[in-house]
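Structure first, commentary second.
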Number of protein chains: 2
Amino acid sequence: MSAASAPAVDTARAWETVLQRIESDLIAGALTPGDHLPSERALAAELGVGRSSVREALRVLEVLGLIRTQTGSGPQSGAIIISRPSGGMTALVRLQVAAHGFAVRDVVKTRLVLESDVVTELARASGAAPTPALAPALEILDAMEQPGDELTRDEFLTLDQAFHLALAVASGNEVIAAMMAGLRESIEAYVRVGASVLPSWDDTSTRLKAEHRAIVAAIEAGDPELARTRIRDHIETYHAETNVSSIHPHREDT
Amino acid sequence: MSAASAPAVDTARAWETVLQRIESDLIAGALTPGDHLPSERALAAELGVGRSSVREALRVLEVLGLIRTQTGSGPQSGAIIISRPSGGMTALVRLQVAAHGFAVRDVVKTRLVLESDVVTELARASGAAPTPALAPALEILDAMEQPGDELTRDEFLTLDQAFHLALAVASGNEVIAAMMAGLRESIEAYVRVGASVLPSWDDTSTRLKAEHRAIVAAIEAGDPELARTRIRDHIETYHAETNVSSIHPHREDT
DNA sequence: GCTACCGTGTGGTCAGACCACATGGTCGGA
DNA sequence: TCCGACCATGTGGTCTGACCACACGGTAGC
């Protein structure tokens, strides 16, 4: 039913067995965030594989945002289980965009779909009771509006990204938050290029700030439909203005 | 302004330089799907790094669904650029679920959000003009209803997954399709466990088939709201019935 | 003409050797 | 007693070289 006989099973490549071992330890609860993995040399000896194979598996886990590695000795050294899905999501989406697997247009559209749901859920929750989870997002808005301290485009965009991410986090769905972060970061280069060619940045940033406040207002008013409409307009307007969707990772010339 | 002097810049780890090189080649169009990467040994020599570092980078690309490797010689050997985004999504989400980064509940919820948008878009498009893109999905439904040929639960679930994926593909947004596939696959183990404990599989499968037809009917009728409602009920009912969301990767006992 | 063979290049793996680094203990002096 | 310098230890990061299994493609022999 399961394995035919005794042999085989070993058909997987060495680094895959390492990955499987770690995954099963995670599922079994033998490994939880904060724990240290055994050292590469110990893992290699324990699993009967070479250290290079262990390293290939750890590299994958690192890129996927599951572990953090550090040299040296002490409590902070070695490979430690973390859980930072957004990092892996970013790398995944960005490379897929680069490889033509994803169109920038679809990335923007997907982000819109996810974020629409985020604000809808937040508005629903806020209609029932005040939402303290929104506090981080509000702080970011305050930071964006500091009088007398003009932000550069880059600084503004950084805060803008943080605001949208804060909304996603506030909704409580980590999967959506990670995906949104990944989608956004993966096209960040295009967004920044788009912002740099805008004729009047002052006008744009002023409008964006107003739209952010309006979105939050709709959420706090407990109006899902309004919040949804506003986030949609917010995203679509910006991307239409900067023409981000038409930017193509490929250079057709030369 | 940028680099202090001549040195440094090399601060990135060796395997990262390999990754960056490949990414930039992808963006520049020097590498497109179907192309062969240079051999590991050539890449190592060219970039001035060890072969093991090259391998770590290639391993990442493989897990992320960007390349396919094959031993031997000939046209099919070596590392070839592909673009299978769902593979990377699956690995990422599955491991994050295992590491407690993602809750199964949130995965299901996110899938629901994405799929709601898929059927909404399909219904809108279908309202304007017939949608030939739905053909693959319809074929799968036919296969699920073959009379006299009772499908096992596993076979049924495989077709079920294919149906939902076909809908996503029909919507034309590859990012959403890939993410949905990844989300679905990552919790497939839990879904199958849930199905295996259902009291009356015949009743369930009959109901699911009817629901599938109803969803398609709503799409073809060009009724976005109805399609949205039906897909939501379809997914929520099933997951409530099988209690998938409550399945926890951890075993609290022993 | 066909078959069997073998050279060649590929990824897959392992072993061993360094390196830089961060820690934590030890030893010496104040 | 206290404190600073020192160094042994263990970690990840990297490179080198060596095999292996495999798949192709040409070649020699039938």
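First the proteins, then the strands, lettered A, B, ... as listed; each starts at 1. Given the structure is predicted, the values throughout are model-derived calculations rather than measurements.
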What integer distance in Å separates [X]:[atom1] from [N]:[atom2]?
X     : N      : atom1 : atom2 : value
B/L19 : D/dG13 : CG    : C1'   : 16 Å
A/Q76 : D/dG10 : CD    : C1'   : 16 Å
B/E40 : D/dA21 : CD    : C1'   : 14 Å
A/H36 : D/dG10 : NE2   : P     : 15 Å
B/L37 : C/dT10 : CG    : C1'   : 13 Å
A/I80 : D/dT11 : CD1   : P     : 13 Å

Task: Interface with DNA chain D, restricted to residues 52-64 of chain B and to heavy atoms under 4.0 Å - done: B/S52, B/S53

Partners meeting side-chain contact (heavy atoms from CB on, under 4.5 Å) with [X] (sequence neighbours left out):
X      : answer
B/V49  : B/A14, B/T17, B/V18, B/L47, B/S53, B/V54
B/R153 : B/L198, B/W201
A/A166 : A/A137, A/I140
A/P38  : A/A42, A/L43

Could you tell me which residues satisfy side-chain hydrogen bond (donor to acceptor under 3.5 Å, both in side chains) with [X], sequence neighbours excluded, listed by chain and number?
X      : result
A/E115 : A/R111, A/H164
B/T158 : B/R192
A/R184 : A/D160

Task: NZ/NE/NH1/NH2 to OD/OE distance under 4.0 Å, B/E62 and A/R13 - done: yes

Open item on the list: Once you apply a heavy-atom cut-off of 4.0 Å, does A/Q70 come out as touching a base, just sugar-phosphate, or nothing?
Closed with: sugar-phosphate

Tabulate atom names and distances for all N/O pairs under 3.5 angstrom spanning the protein and nucleotides 16-21 of chain C.
| from | atom 1 | to | atom 2 | distance (Å) |
| --- | --- | --- | --- | --- |
| C/dA17 | N6 | A/R51 | NH1 | 3.3 |

